[in-house]
Amino acid sequence: MQKLLAAAVFATLTALTPAKAQERSAEKLKVLATFSIIADLVRNVGGDRVEVSALVGADADGHAYSPSPADAKKVAEARVVIANGLGFEGWMTRLVKSSGSKAPVVVATKGIKPLKARGGHSHGHGHGHSHDHGQNDPHAWQSVPNVKVYVANIRDALAAADPAGKSVYEKNASAYIASLDTLDREVRDAVERLPKQARRVITNHDAFAYFGAAYGLEFISAHGVSPDAQPSAKDVARIVSQIRKQKIPAVFLENVSDDRLMKRIAAETGAKIGGKLYSDALTGEKGDAPTYIDLIRHNIRTLSAALTS
Ligand code: ZN
């Protein structure tokens with residue numbers, strides 16, 4: 001252990017000289033995350049020992065993703081692949097197989113109690129056709145306590161692939177989990193300040209059930225769990241009548257969904273557009289949600305502003 005620590009300190013010191021830093025970057029552990037949110041978590045745990053990339057990038061929809069030949073190459077080059085699981089990446093098994101990769105595919109939601117997917121017909125993932133992924137709701141990252149489980153799984157996966165970095169990954173994971181605890185309290189405090197009758201909102205696709213279950217808000221979605229599933233006229237009529245009956249004050253747009261349906265529902269009911277929520281992807285560096293913590297913070301501020309005014 002002492003030897004390991006000494007090696008880590010030595011590596012850190014030698015990394016400070018430019019030539020050594022270059023040498024060092026060539027040895028970084030290549031980690032491939034399936035989408036932007038997991039990539040951010042890996043970056044926080046891996047620090048400068050890892051080189052992280054994401055298959056599905058900023059503002060992109062992971063449900064309907066079509067992997068390219070370049071993606072198969074990325075999988076082949078990765079030492080560790082980290083996926084969400086719970087049926088989110090229906091395209092993943094075939095991609096890993098076609099890449100010929102021997103890298104472990106780690107499921108970041110391992111140990112999380114899944115919620116059942118809600119809604120009727122629209123459980124399809126990817127291009128509107130339904131695969132048999134079971135009926136779990138994949139959006140577990142919308143609950144901050146769940147993301148602490150993601151972080152622990154990522155920490156263990158990185159340590160298994162790079163045992164020399166174990167103590168670094170442990171330290172980084174603990175620090176990041178402490179930030180998540182702060183974030184979790186922030187969300188709870190914000191929800192506590194909302195009037196009880198206003199804790200009910202409409203979103204485009206069913207991405208916020210874990211957030212709702214963790215923090216006591218009710219999210220009603222016009223689509224099912226996938227943003228590309230088309231709602232029927234009956235679904236739309238149901239939402240419109242629910243908004244009117246329950247006097248729901250606001251509907252919200254999302255960064256991965258088409259805005260037209262929400263705008264139509266708002267116009268028909270007089271509910272206001274409460275702003276944009278970030279569901280399944282981070283934004284680019286200049287957006288509102290370049291990191292997971294920014295994403296949750298943006299969402300709770302947007303919800304608070306719309307539901308208290
Ligand atoms: Zn989604």
Side-chain angles (χ1 to χ4, degrees), residues 33-41 54-67 82-92 107-109 112-144 146-147 150 201-215 217-231 235 239 251-262 265 274-283 287-289 292 294-296 298-300 302-303:
T34 50
F35 72 116
S36 56
I37 292 172
I38 289 184
D40 177 54
L41 304 179
L55 288 172
V56 183
D59 293 315
D61 172 13
H63 297 274
Y65 190 66
S66 296
I82 302 187
N84 184 74
L86 300 177
F88 187 58
E89 304 99 337
W91 37 271
M92 197 61 196
V107 174
T109 52
I112 286 172
K113 192 171 179 284
L115 293 177
K116 292 277 165 253
R118 297 183 298 192
H121 65 284
S122 46
H123 287 157
H125 292 260
H127 307 296
H129 53 259
S130 213
H131 305 289
D132 185 20
H133 299 313
Q135 297 296 304
N136 288 327
D137 179 343
H139 306 89
W141 61 83
Q142 288 291 346
S143 144
V144 178
N146 280 352
V147 167
Y150 281 63
V201 293
I202 309 279
T203 58
N204 204 321
H205 89 292
D206 210 348
F208 298 98
Y210 288 91
F211 187 96
Y215 301 112
L217 284 169
E218 187 186 349
F219 287 84
I220 300 141
S221 76
H223 290 199
V225 289
S226 179
D228 59 330
Q230 282 307 308
D235 289 335
I239 295 265
V251 304
F252 292 85
L253 310 176
E254 283 170 52
N255 63 330
V256 299
S257 295
D258 189 323
D259 290 348
R260 281 174 297 185
L261 175 66
M262 286 295 107
I265 290 174
K276 186 173 275 187
L277 299 177
Y278 294 94
S279 51
D280 295 12
L282 301 177
T283 63
D288 293 323
Y292 173 73
D294 292 329
L295 176 148
I296 295 290
H298 168 89
N299 285 352
I300 191 60
T302 302
L303 288 165

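Just so you know, ligand 1 is whichever comes first in the structure, and atom 1 is the first atom listed for that ligand.
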**Message:** Before moving on, can you tell me the angle at the Zn ion (ligand 1) between the NE2 atom of His63 and the NE2 atom of His205, to the nearest 10 degrees?
**Reply:**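 The NE2/NE2 angle about the Zn ion (ligand 1) sits at 120°.
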**Asked** For the Zn ion (ligand 1), which N, O or S atom of Asp280 is at the shortest distance?
**Response**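 When I compare the N, O and S atoms of Asp280, OD2 is nearest to the Zn ion (ligand 1).
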**Asked** Around Lys116, counting heavy atoms of other residues, nucleotides and ligands shown, do more than 12 lie under 6.0 Å from its NZ?
**Response**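 Counting neighbours around NZ of Lys116, more than 12 heavy atoms of other residues, nucleotides or ligands fall under 6.0 Å, so yes.
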**Prompt:** Mind checking whether the Zn ion (ligand 1) has an N, O or S of Asp61 under 2.8 Å?
**Reply:**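 Given the 2.8 Å cut-off, Asp61 does not count as a ligand of the Zn ion (ligand 1).
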**Request:** Consider only side-chain N and O atoms of Tyr150 and Asn84, and report whether a donor and an acceptor are under 3.5 Å apart.
**Result:**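 Note: Tyr150 and Asn84 side chains meet the donor-acceptor criterion.
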**Asked** Regarding Asp206 and His139, is there a side-chain donor-to-acceptor distance under 3.5 Å anywhere?
**Response**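 The answer is no; no qualifying pair exists.
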**Message:** Against Trp141, only a single residue in Phe88, Phe211, Tyr210 fulfils ring-ring contact (aromatic ring centres under 6.0 Å, His included); can you say which?
**Reply:**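 Of the listed residues Phe88, Phe211, Tyr210, the ring-ring contact (aromatic ring centres under 6.0 Å, His included) partner of Trp141 is Phe88.
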